[in-house]
Visitor: 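One structure is given below, represented as structure tokens, and several questions about it will come after.
Throughout, residue positions are numbered sequentially from 1 according to the sequence presented. As the structure lists them, so they are numbered: ligands from 1, and atoms in each ligand from 1.
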Amino acid sequence: MQGDRIDKIIDKYVNEEGVLIQLLLDIQHEFNWIPKEAVKRISERLKIPYSQIFRVASFYAALSLKPIGRHLIQVCLGTACHVRGGSKILDAVEDALEIKAGSTTGDRKFTLSGVNCLGCCAQGPMMMVDDDYYGGVRVTKVKKILEKYE
Ligand code: FES
């Protein structure tokens, strides 16, 4: 049960001061995001205002208040990649996963995001899956790339 797992993590921090960030990182590590239920339980048990927990969780890039997939796909839409068809690559990934950029598949396998530059402009159009770079991507290659992470 999600609630039990949340409580078990909070148990480690009860009666301690200044532990909110570490606690949220532990929750993030366990669930890959910060579920609303966790914010509620932390607020109740550690007597920290709900709004303060949200502020901290929104501030730190390592914490996410939205579910994130196991694999993060980043498709470059920067100028150099755009002129080489970056937006068509993004369309192809969206079609393959049946989601729009900025969202996560229902099975939480993939999160898709369009980004401004991946730092390898000469090799565009570029995309990244987790830590793997793919350069010179063609629309016809997109499915094959994604299959590696199935
Ligand atoms: S513009 Fe795409 S990698 Fe820089």
Visitor: Less than 4.0 Å between a side-chain N and a carboxylate O, is that true for Asp7 and Arg45?
Guide: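 Looking at Arg45 and Asp7, the cut-off is met.
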Visitor: Return yes if a side-chain donor-acceptor contact under 3.5 Å exists between Tyr13 and Asp26, otherwise no.
Guide: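 Per modelled atom types, Tyr13 and Asp26 side chains form a pair under 3.5 Å.
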Visitor: Return the orientation label for the Tyr134 and Tyr149 ring planes: parallel under 30°, perpendicular over 60°, tilted otherwise.
Guide: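 It falls in the perpendicular class, over 60°.
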Visitor: How long is the straight-line distance from CD1 of Ile21 back to CD1 of Ile53, given to the nearest 0.5 Å?
Guide: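 If I round to the nearest 0.5 Å, the distance is 12.5 Å.
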Visitor: What are the protein N/O/S atoms, named by residue and atom, that sit under 2.8 Å from atom 2 (Fe) of ligand 1?
Guide: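 Listed by chain and number: Cys76 SG, Cys81 SG.
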Visitor: Between Gln28 (side chain only) and Ser64 (backbone N and O only), is there a donor and an acceptor less than 3.5 Å apart?
Guide: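 Judged by distance alone, yes, a pair lies under 3.5 Å.
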Visitor: Take Leu112 and Thr105, measure what side chain to side chain contact (heavy atoms under 4.5 Å, CB included) needs, and give me the verdict at the end.
Guide: CA-CA 8 Å; Leu112 174 60; Thr105 54; over 6 Å; no
